[in-house]
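Accompanying notes for the structure given below.
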Amino acid sequence: MHRYWKLIHHLVIKEDARIVEISRDKKQIWLETGKNKQKSVIRIARVEYDWMNQVEKDVKEARQEYERIKRMILGRNIPFYSIYITSYPPADLNRPLNSYLNTQNSGRFYLLSRDPSGRIAESEEQLLNDLGSRQSWEPALEDEYSHQEWGRHYRAMVKERQEKLEEEDRSLLLFTKPRAVFVFLAAIVSVFTWMEQTGESTNLVTLIEFGAKYNPALLEGEWWRIITSMFLHIGIFHLVMNSLALFYIGGAVERMYGTIRFIIIYMTAGVFGSLASFAFNEQVSAGASGAIFGCFGALLYFGLIHRALFFRTMGLNVLFILGINLVFGFVVPAVDNGAHIGGLAGGFLASALVHLPKHRRTVTQLPFLLVIPGLAAGLLWYGLMNENKQGSSMVEVQLAQQYLERDNVEESRQILNDAENGEDNPYVPFVLGNTYMAENQYEQAVSLFQEAVSINEELAEAHYNLAIAYSELGQWEEAEQSLNRSRQLGIEDQSDDVDVESIEERVQANLP
């Protein structure tokens with residue numbers, strides 16, 4: 001026992017190795033030594049194997065475990081050393097273990113034991129020399145204590161050192177308790193409840209009235225939407241997913257950075273997300289996703305500063321979840337990936353500005369006082385210059401239709417008259433014609449429906465509405481032609497709201 005713990009003691013205390021994993025029975029320990037490109041993985045195991053086939057089986061398992069440990073510390077070509085400490089060597093081992101296994105490409109293996117014959121003896125000095133040790137091996141004053149007492153002594157010192165390192169890690173990961181996260185969550189849920197009581201959170205009119213990001217409104221000076229859109233959500237699923245992400249990811253960031261820093265990171269990321277959405281996405285958008293991606297950016301900055309701790313704890317999970325979300329954003333058109341990437345960048349930059357608690361301020365933070373507003377201004381400028389993203393005729397058609405369903409004809413008509421890039425969209429004159437139908441102005445409606453079918457002759461709804469408008473004007477032959485054309489295009493299969501038979505009966509009754 002003393003030889004096992006003495007070697008661990010030497011590596012941990014003198015060589016600054018760190019325990020990565022330890023078995024429940026304390027008979028197997030995995031260590032990480034060195035930094036960055038000079039890292040090594042060391043496995044030390046107390047075993048009693050009588051035959052080499054037992055050793056060979058353990059070697060295979062050790063190699064598999066090494067691959068897992070290597071992923072934890074994020075390294076590719078990290079040297080691997082496996083050390084067996086045993087009372088006596090296996091009976092059928094007649095030369096040093098490493099030469100017996102012939103494992104140059106999969107690590108080096110050592111067996112430290114009592115070897116009366118001297119044929120296969122390997123020493124701690126030889127092992128430490130292969131490891132590139134900086135400290136020489138010092139024999140213990142074993143006359144003063146029994147082997148068991150020495151073992152307890154080494155073990156206690158290793159435990160004390162490891163507990164100190166773990167406490168340092170905890171102080172970095174758990175700087176404070178989350179508070180602001182719960183305030184943001186309460187605000188998000190409260191606004192969502194208010195929206196649902198007023199209208200529907202999935203309704204464009206409701207979203208815009210509550211402050212969603214809507215490019216035409218931003219261009220008219222309603223820049224407050226950049227902030228308010230962060231607290232709106234489109235449907236219960238959107239709310240639940242973002243709330244869970246904010247609770248877990250945002251909570252972790254607030255614990256690491258502290259409440260004030262977290263608020264700065266969260267709000268900066270949210271603003272960057274909204275500006276990126278304005279610059280690259282013409283759709284109406286809302287949600288805390290940009291700010292939440294900013295929390296991912298804060299975690300990435302933490303990983304940049306404390307790389308080893310990051311990958312020992314959350315690193316791979318953070319990268320995996322972030323990667324899935326980014327891919328999902330590129331694959332699914334409805335997802336505002338511009339806001340996600342903008343928020344990610346904003347959160348990272350804000351984290352670099354405020355830095356981590358209990359870390360010395362550096363001059364590298366100062367440039368971010370210029371980079372953050374400069375990049376925000378760049379996104380705003382691009383959004384103002386990018387005319388293709390300043391408005392979407394389909395968004396305006398949906399919005400106008402919802403205003404029309406609320407009997408707000410004037411607002412619906414105004415939106416369509418101001419529609420950007422609507423010349424080639426047949427639904428712009430179609431819905432505009434519906435506004436005139438709602439006021440029994442059938443001549444204007446006919447003109448607009450004709451414009452719609454001139455853009456898209458296969459628009460069945462426009463032919464059907466033309467039939468209604470013609471019948472109201474007493475133009476029965478035109479009504480019959482439009483009705484037949486709508487039937488050919490499958491109007492009855494496309495909509496449950498049409499009453500083709502009643503219109504047909506009325507037309508047939510009035511035909512000459």
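Only a predicted model underlies this, so the values are computations on that prediction, with no experimental measurement involved. Along the sequence shown, the residues carry numbers beginning at 1.
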*Does the ring-ring contact (aromatic ring centres under 6.0 Å, His included) test come out yes or no for Phe262 and Tyr257, once each step is laid out?*
CA-CA 6 Å; Phe262 168 70; Tyr257 284 84; 8.9 Å; no
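- Side-chain contact between Leu173 and Glu168 is absent, with no heavy-atom pair separated by less than 4.5 Å.
- Annotation: cation-pi pair Arg413/Tyr436 present, NZ/CZ under 6.0 Å from the ring centroid and within 45° of its normal.
- With His340 as the fixed residue, the ring pair (Phe, Tyr, Trp, His ring centres under 6.0 Å) test singles out one of Phe330, Phe293, Phe328: Phe293.
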### Message
Evaluate Trp223 against Phe278 for ring-ring contact (aromatic ring centres under 6.0 Å, His included), listing each step before the verdict.
### Response
CA-CA 11 Å; Trp223 298 107; Phe278 169 65; 5.7 Å; yes
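- Going from atom OG of Ser412 over to atom CG of Asn434 covers 8.5 Å, rounded to the nearest 0.5 Å.
- Of the possible donor and acceptor atoms, one in the side chain of Arg225 sits under 3.5 Å from a partner among the backbone N and O of Ile208.
- In this structure a side-chain-to-backbone donor-acceptor pair under 3.5 Å is missing from Glu32 to Ala17.
- Between Phe430 and Tyr427, the ring planes lie perpendicular to each other; the angle is over 60°, past the 30° to 60° tilted range.
- For the residue pair Leu344 and Gly297, the shortest heavy atom distance occurs at CD1-N, 3.5 Å.
- With respect to Arg179 and Glu254, no salt bridge is recorded, no charged nitrogen being found less than 4.0 Å from a carboxylate O.
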May I have the step-by-step check of ring-ring contact (aromatic ring centres under 6.0 Å, His included) for Phe192 and Phe231, ending in yes or no? CA-CA 8 Å; Phe192 183 83; Phe231 297 90; over 10 Å; no
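- A donor-acceptor pair is defined here as one N or O able to donate and one able to accept, closer than 3.5 Å; such a pair exists between the side chain of His233 and the backbone of Ala288.
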As a quick check of understanding, evaluate salt bridge (charged side-chain N to carboxylate O under 4.0 Å, His left out) for Arg43 and Glu65, giving each step before the final call. CA-CA 10 Å; Arg43 176 219 188 204; Glu65 191 70 6; over 6 Å; no
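- With a 6.0 Å radius and a threshold of 12 heavy atoms from other residues, nucleotides or ligands, Trp224 has its CH2 atom above the threshold.
- Under the 3.5 Å distance criterion, the side-chain polar atoms of Asn408 are matched with a main-chain donor or acceptor of Glu411.
- Between the CE atom in Met256 and the OG1 atom in Thr176 there is a gap of 13.0 Å [rounded to 0.5 Å].
- Judged by distance alone, with hydrogens and angles left aside, the side-chain atoms of Ser274 form no donor-acceptor pair with the main-chain N or O of Val271 at under 3.5 Å.
- Aromatic pair Tyr66/Phe80: centroids less than 6.0 angstrom apart.
- Summarising the geometry, atom CG belonging to Leu174 is positioned 10.0 Å from atom CG belonging to Asp169; distances are rounded to the nearest 0.5 Å.
- A 4.5 Å side-chain heavy-atom check between Val41 and Thr33 finds every atom pair outside the cut-off.
- Residues Phe184 and Met267 meet the side-chain proximity criterion, which asks for heavy atoms closer than 4.5 Å.
- Under a 3.5 Å cut-off, the side chain of Glu21 and the backbone N or O of Ile29 do not form any donor-acceptor pair.
- Contact record, Leu459 with Ala452: CD2-CB, 4.2 Å, taken as the closest heavy-atom pair.
- Checking side-chain atoms of Lys213 against main-chain N and O of Gln283 turns up a donor-acceptor pair under 3.5 Å.
- Side-chain atoms of Ser277 do not come within 3.5 Å of backbone N or O of Gly273 as any donor-acceptor pair.
- Inter-residue side-chain proximity for Thr198 and Met195 is flagged as unmet; no heavy-atom pair is nearer than 4.5 Å.
- Of the inter-residue distances, the one linking Leu246 atom CG with Ile292 atom CD1 reads 5.0 Å to the nearest 0.5 angstrom.
- Around atom CE of Met314, more than 12 heavy atoms belonging to other residues, nucleotides or ligands sit under 6.0 Å away.
- Using a cutoff of 4.0 Å between basic side-chain nitrogens and carboxylate oxygens, Arg68 and Glu61 are not scored as salt-bridged.
- Nearest heavy-atom pair across Ala269 and Gly347 is CB-N, 3.7 Å.
- Side chains of Leu356 and His306 form a contact here, defined as non-hydrogen atoms less than 4.5 Å apart.
- By the neighbour-count criterion of 12 heavy atoms within 6.0 Å, atom CD of Gln441 is densely surrounded, having more than that number from other residues, nucleotides or ligands.
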Query raised in the report: Could you go step by step and tell me if Asp16 and Arg161 meet the salt bridge (charged side-chain N to carboxylate O under 4.0 Å, His left out) rule?
Result: CA-CA 10 Å; Asp16 293 326; Arg161 176 60 177 272; 3.1 Å; yes
Next item on the list: Could you check Phe311 against Leu319 for side chain to side chain contact (heavy atoms under 4.5 Å, CB included), going step by step and ending with a plain yes or no?
Entry: CA-CA 10 Å; Phe311 286 105; Leu319 294 177; 3.7 Å; yes
Could you go through the side chain to side chain contact (heavy atoms under 4.5 Å, CB included) check for Ile260 and Ile264 one step at a time? CA-CA 6 Å; Ile260 300 301; Ile264 294 172; 4.2 Å; yes
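- Summarising the geometry of Leu185 relative to Ser243, their closest heavy-atom pair is CD2-O, 3.6 Å, with the distance given to 0.1 Å.
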Using the side chain to side chain contact (heavy atoms under 4.5 Å, CB included) rule, take Ile249 and Leu299 through it: C-alpha gap first, then chi angles, then the decisive distance, then the call.
-> CA-CA 9 Å; Ile249 306 299; Leu299 294 179; 4.1 Å; yes
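- With Ser201 contributing its side chain and Gly235 its backbone, the two residues share a donor-acceptor pair below 3.5 Å.
- In terms of heavy atoms, Ser289 sits closest to Asn242 at OG-ND2, 3.2 Å.
- Atom-to-atom distance recorded for Met241:CE and Ile236:CD1 is 12.0 Å, nearest 0.5 angstrom.
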Q. Checking salt bridge (charged side-chain N to carboxylate O under 4.0 Å, His left out) for the pair Glu167/Arg170: CA distance, chi angles, key distance, verdict?
A. CA-CA 5 Å; Glu167 181 58 33; Arg170 280 193 293 271; 3.0 Å; yes
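- With rounding to the nearest 0.5 angstrom, the OG1 atom of Thr206 is 10.5 Å from the CG atom of Leu232.
- Looking at heavy atoms from C-beta onward, Phe302 lies in side-chain contact with Phe310 at the 4.5 angstrom threshold.
- Glu472 is not listed as a side-chain neighbour of Met437, based on a closest heavy-atom distance of 4.5 Å or more.
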**Item:** Test log, rule side chain to side chain contact (heavy atoms under 4.5 Å, CB included), inputs Ile19 and Val158
**Value:** CA-CA 9 Å; Ile19 296 176; Val158 169; 3.8 Å; yes
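- Contact of the Gln28 side chain with the Trp30 side chain is registered, since non-hydrogen atoms from C-beta on lie closer than 4.5 Å.
- Of the possible donor and acceptor atoms, one in the side chain of His359 sits under 3.5 Å from a partner among the backbone N and O of Pro357.
- The aromatic ring centroids of Tyr442 and Tyr470 lie 6.0 Å or more from each other.
- Remark: Glu200 CD is loosely packed, at most 12 non-hydrogen atoms of other residues, nucleotides or ligands lying under 6.0 Å away.
- Annotation for Ala460 and Leu489: closest pair CB-CB, 3.7 Å, computed over non-hydrogen atoms.
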